[in-house]
Amino acid sequence: MRIVNVVGARPNFMKIAPLMAAYGAHPALEPVLVHTGQHYDHAMSDRFFDELDIPRPDLNLGVGGGTHAAQHASVIQAFEKACLDLKPDLVLVVGDVNSTISCALVAAKLNIPVAHVEAGLRSFDRTMPEEINRVLTDQLSDLLFVSEQSGLINLAREGLDHEGVHFVGNVMIDSLYRNLPRAARSTVVADHALVAGEYAVLTMHRPANVDDAGILTRLLGVLERVAAELPIVFPAHPRTLDRLASFGLRDRLDGNPRVQVVQPLGYLDFLELVRRARIILTDSGGIQEETTVLRVPCVTLRESTERPSTCIEGTNRLAGTDPDRVWAEYRAAMSSDPATFGIPARWDGHAAERIAAILASRGARPRAERVLATAHGALARMSRVD
Ligand code: UD1
């Protein structure tokens, strides 16, 4: 059973790494790795293959950046050709980036079954490009691998409670557990002249936060207030660096001795930096999950989260971008006791093994069977309603 696995952007790499390792236990599975090239810098892509022991991609589509439409169009065209050449029995996509939906769409139109890892997450904010990618990818997928309980509820609400839904846990957390011992050897804390437990980590790259000069300026104001209490280290995404420069805000940050703006870090250094931090301020999705497992307080600079278990059970607090609210949530997070927070079900380091076992036992079943099964399920539900 040939499985074409798709990666495109930074948050995909830590999700695919444990899967590529787990396939090894199932000789019937023949994994192929395709990189769309959505992220292309060494710091945003290549470095993660080395650190996470991901095999080199069998194919790199080299699509690069561009507008959303241009990115989708390039991935769709190149990935269709790849599928025609590789003839996969299944295409597996992870997460919610533009490459995820583009490749799912190509596979579905070629009648190749699609598996989506991290299915069912919903922020209910359709101004986020990732939310559109999530909703549409789930609609196109035959197998839906769910990472947290809310995913099951969301899929059912959308009529996607078919036999292809599996609550497997969180592959990103598999990577975290696997790499903690190696991350502990990183010297990143000392390298940045920081003291464990006495600094904050900031990440920020969502278009909603960094593409608007007013919002970015207001956020910088409250971050300076935080910096007066705790030194901040800020590994900045290329988009954010670009916007800081074009809005004339870079000098303001560089002039603050309590804030270190640094290039994006590798996986191991970043994990260690987060693990040792007093608090995290972020607009990332995955970091909300990692901080929950590491039991580090997290203030999320967004109005919504597609990962509610991190707030309900974990250390996460939604703060939006209003400076007073961010400050209040920061203060509340600082006085919280991380030991009292929980870890969501099945975030145990074995999600990828569950997925590989399900794929191996399913075999190379054609797509039409799922379509028929869903149609029968819908009819059965209608007759129950009658
Ligand atoms: C993408 C994902 C987002 C994820 C983020 C993590 C989508 C819709 N968004 O956002 O969910 O959280 O990756 O990083 O897919 N750039 C570089 N080098 C690179 C990659 C990007 O310089 O290797 C710059 C380019 O100027 C590019 C810009 O960053 O135009 C934005 O990249 P893009 O892939 O469009 O989206 P991200 O903002 O990175």
Side-chain angles (χ1 to χ4, degrees), residues 6-16 35-50 52 57 60-76 78-79 93-105 116-118 121-123 125-137 147 172 175 201-212 215-216 234-247 261-267 270 274 280 282-291 298 300-302 304-307 310:
V6 176
V7 287
R10 182 172 59 180
N12 293 162
F13 305 131
M14 38 297 244
K15 294 170 192 166
I16 215 72
H35 190 335
T36 65
Q38 179 179 339
H39 283 180
Y40 44 86
D41 286 350
H42 176 77
M44 299 294 287
S45 176
D46 291 357
R47 172 199 295 192
F48 293 89
F49 285 78
D50 298 333
L52 292 162
N60 192 321
L61 307 179
V63 300
T67 65
H68 282 255
Q71 222 168 43
H72 288 303
S74 311
V75 174
I76 285 171
F79 191 65
V93 295
V94 298
D96 55 16
V97 302
N98 284 346
S99 300
T100 308
I101 170 62
S102 297
C103 294
L105 180 59
H116 183 207
V117 174
E118 210 179 66
L121 297 185
R122 297 288 182 270
S123 67
D125 174 2
R126 295 253 176 139
T127 65
M128 278 182 87
E130 292 84 358
E131 181 71 356
I132 297 167
N133 297 344
R134 290 181 202 114
V135 171
L136 297 181
T137 302
S147 58
M172 193 146 185
S175 269
V201 177
L202 167 68
T203 83
M204 203 165 51
H205 70 278
R206 296 264 156 236
N209 284 349
V210 304
D211 285 2
D212 182 302
I215 293 176
L216 189 55
F234 178 17
H237 184 284
R239 166 196 287 280
T240 312
L241 289 175
D242 181 68
R243 298 301 185 271
L244 285 169
S246 58
F247 298 149
V261 183
V262 300
Q263 292 296 317
L265 294 173
Y267 181 75
F270 189 72
V274 169
I280 312 296
T282 189
D283 61 11
S284 151
I287 295 170
Q288 299 171 43
E289 298 181 337
E290 291 167 336
T291 45
C298 178
T300 294
L301 305 170
R302 287 174 45 189
S304 62
T305 179
E306 60 288 338
R307 293 157 161 93
T310 61

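Predicted model, so just to flag it, every value in this text is computed and none were measured. Start at 1 and go down the list; that is how both ligands and their atoms are numbered.
Of the protein's heavy atoms, Val97 CG1, 3.7 Å lies nearest to atom 2 (C) of ligand 1. Among all protein heavy atoms, the one lying closest to atom 24 (C) of ligand 1 is Pro238 CB, 3.8 Å. For atom 35 (O) of ligand 1, the closest heavy atom belonging to the protein is Gln71 NE2, 3.5 Å. At the shortest separation from atom 26 (O) of ligand 1 among protein heavy atoms lies Tyr40 OH, 4.2 Å.
Every atom of ligand 1 with a heavy atom of His68 under 4.0 Å away is listed here by number and element: 8 (C). Near Arg239, with a cut-off below 4.0 Å to any heavy atom, the atoms of ligand 1 are 38 (O). Ligand 1 places these atoms under 4.0 Å from at least one heavy atom of Arg10: 14 (O). Remark: ligand 1 atoms within the under-4.0 Å shell around heavy atoms of Glu130 are 2 (C), 3 (C), 9 (N), 11 (O). Residue His237 approaches ligand 1 through these ligand atoms, each under 4.0 Å from one of its heavy atoms: 14 (O), 29 (O), 37 (P), 38 (O), 39 (O).
Listed for the Gln38 side chain is no donor-acceptor partner under 3.5 Å among the backbone atoms of Ala9. In this structure, the side chain of Asp41 does not engage the main chain of Ala43 through any donor-acceptor pair within 3.5 Å.
Ion pairing between a basic and an acidic side chain is recognised when a charged N comes within 4.0 Å of a carboxylate O; Glu130 and Arg206 show such pairing. At a threshold of 4.0 Å, the pair Arg307-Glu289 counts as salt-bridged, since one of the basic side-chain nitrogens sits closer than that to a carboxylate oxygen. Under 4.0 Å is where a charged nitrogen must lie from a carboxylate oxygen, and between Arg239 and Asp211 at least one such pair does. Here Asp283 does not pair with Arg302 in a salt bridge; the nearest charged N to carboxylate O distance is not below 4.0 Å.
Within the 4.0 Å heavy-atom cutoff, Pro11 counts among the residues contacting ligand 1.
Ring orientation note: the planes of His205 and His237 are close to parallel, at an angle under 30° on the 30°/60° scale.
Here the side chains of Tyr40 and Asn60 are not in contact, with every heavy-atom distance at 4.5 Å or above. Annotation: side chain of Ile132 is not in contact with side chain of Ile101 (no heavy-atom distance under 4.5 Å).
The option with the heavy atom closest to atom 8 (C) of ligand 1, from among Thr67, Ile287, Asn98, is Asn98. For atom 36 (O) of ligand 1, the candidate residues are His72, Met44, His39, His205; the nearest heavy-atom contact is made by His39.
Among the atoms of Asp41, some N or O lies under 3.5 angstrom from an N or O of ligand 1.
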